[in-house]
Amino acid sequence: MQEVANDVINQLGVPPLSREQNQAYTVQLDLFEGPLDLLIHLIRQQEIDIYDISLAQITDQYLGYLEMMKDLSIEVAGDFLVMATTLIHIKSQMLLPAEPDSEIGQEIEEFRQELVKQLLEHEKFKQAAQMLYERETVELSVWPRGDNEFEEEEKELISATVFDLVTAFHQMVENYKEKIVLEIEGEVVTVQEKMEEIRRLLSLQGALLFSFFFERGLSRLHLVVTFIALLELTKLHEIKLVQKDLFEDIQIQSCLKMN
Amino acid sequence: MSENELTNPILAMLFVATDPVTLAELQEVYPETPREELRGIVDRATAYFNSLQMAVEIRQIGGGYRMSTRPEYHEDIRTYLQTKPSAKLSLAALETLAVIAYKQPVTIPEIMEIRGVNSGSTIRTLLEKRLIETRGRRKVVGRPIMYGTTKNFEIHFGLNNLSELPTLEELEEVLSPAVD
Amino acid sequence: MSENELTNPILAMLFVATDPVTLAELQEVYPETPREELRGIVDRATAYFNSLQMAVEIRQIGGGYRMSTRPEYHEDIRTYLQTKPSAKLSLAALETLAVIAYKQPVTIPEIMEIRGVNSGSTIRTLLEKRLIETRGRRKVVGRPIMYGTTKNFEIHFGLNNLSELPTLEELEEVLSPAVD
């Protein structure tokens, strides 16, 4: 697979992912996804074995780099600052006069080893990302068959995942919140007024859908009043409510002769 | 094969294309090659391909060339296409299902309030697909039926139980507008 | 050709299918044929088809068989379809995906620890592209959601299954010796 990938990549002229191409004097912040990337870059630049890194030295370089970004008015992401704080803390501990094998000394060595471990682990995943990049390059140059001749006319269908479900709900909740905002300045309505409104609408249209009253973002008060008004009109035999099938929308029909 | 260096790329185009590929279209891809030469290449590629007597053949149709399966395999293909589970939901069904999943047990008027539209027919679809079920009646005026999700819903969405459903708060950072 | 009477219909199905065709699907079409025999037929059909060195080849991908064009024709096909090269994943997305692929099921805090940066918005991108999916919750404080890769991940990266991914140790050997 590796050779195939390389072949295709060469053939396609795709530059390999590399963050080592920058010159020492150019600063490309987006080259470093995070503090671990920057640390690895600094270690590579020094050509030191990752196992032999000196915390004091790497801290100075790291802070120097952040300083340079600041001078260039480049905003430094929070993740970089968290690492900076940690490094400064460790370095300040190292500056304290302490006996050679004190607890602090041990703590610092543990931190150093932990950092080396984290950097090595991080590097592996960078390489895994590179491998995925190469595979993706190959796959993006390959076409499966397009829509086939038997395709059913099922437009707009999606095969849903949990993510779709949450996203759909999130979207509706957002819309709903907006709707509620519009209702805050609602005026008082009476059942009588609602009955009049329904009579007027029915005289214009003959029939109404129940959902009509719910689609307009009316307040809960409006909906309750509407509901009572509908019941009242039913009792007066002015309207009848018809549901053609279970779950179908309810139709409000006028019982009065149209003139 | 490849008597001509264009033969294979052209066959690849016929494979990918959803409509018949015309000579004019091929001419656009290969502006250097004279039209008649191009015609010769496609015709010979077609003849060669069809001589292999494979499951697929190239036919001239609608002023172009099209790869399609031979009619004798249509029945098997139809059976195959029917095996594909129709696990697909319309957007309306997905929305209704989302409200039911997060607000269950919930009634149709309540779903309507959140969705802003009538959800009757999608409720039916979801019941048919056994993604939701009835859960008794709400003790309010009209005693509307309440709905909730089924075991099948959990299986469909790969959940062990409902508590695995991400909460809105949790996905807030994931769902907030992408920064990069 | 047709050493077996099922060879051509199966090749026709592979031609028609837009997704990889699995043995389980073929089994549904041909319930009478033993699974292993079916596997033999598909494998031989694949070998025969690929031996013709045509514009299209059959590959095992995402747990099934799929016909697709050979990579060397991508430029001509792109010209014909008038498409630009598809957007590739960002470096951040690839890195996050690599962590998920190798450590799955994995939570956002765990991904953050390895990457050293917040990965919320790339998670969203990967979910939208259906390269990852939720996988229940980790039974630790806060019960964070776990993520894993999807079938679509395998297809996107040309894998038949996850075990085809090189191990992290292998990657170290292949890619790291003395960086230029």
Check your understanding: Do Met13(B) and Asp76(C) touch side chain to side chain, with heavy atoms closer than 4.5 Å?
Key -> yes
Check your understanding: Measuring heavy-atom distances to chain B, does Glu133(C) have an atom under 4.5 Å in its side chain, in its backbone, in both, or in neither?
Key -> neither
Check your understanding: CG of Leu52(B) to CZ of Phe49(C): how many Å apart, nearest 0.5 Å?
Key -> 9.0 Å
Revision key, fill the gap. So, the part of Leu81(C) with a heavy atom under 4.5 Å from chain B: the answer is side chain
Practice item. Can you see which heavy atom on Ala12(B) is nearest to which on Ala55(C), and at what distance? Key: N-CB, 3.4 Å
**Study point:** Closest contact, heavy atoms only, Asn8(B) versus Met54(C)
**Key:** OD1-C, 3.7 Å
Revision key, fill the gap. Under 4.5 Å to a heavy atom of chain B? For Ser119(C) that would be neither
Review point. Given the options Glu128(C), Met146(C), Arg143(C), Arg70(C), which has more heavy-atom pairs under 4.5 Å with chain B than any of the others?
Key: Arg143(C)
Review point. Is the shortest heavy-atom distance from the side chain of Tyr73(B) to the side chain of Val16(C) under 4.5 Å?
Key: no
Practice item. With a 4.5 angstrom heavy-atom cut-off, could you sort out which part of Leu26(B) is near chain C: side chain, backbone, both or neither? Key: neither
Revision key, fill the gap. Rounded to the nearest 0.5 Å, the CG atom of Leu14(B) sits from the OG1 atom of Thr69(C) at a distance of 12.5 Å
Check your understanding: Between Glu28(B), Glu75(B), Glu25(B), which residue shows the highest count of heavy-atom pairs closer than 4.5 Å to chain C?
Key -> Glu25(B)
Practice item. Could you tell me whether Glu113(C) atom CD has more than 12 heavy atoms of other residues or ligands within 6.0 Å of it? Key: no
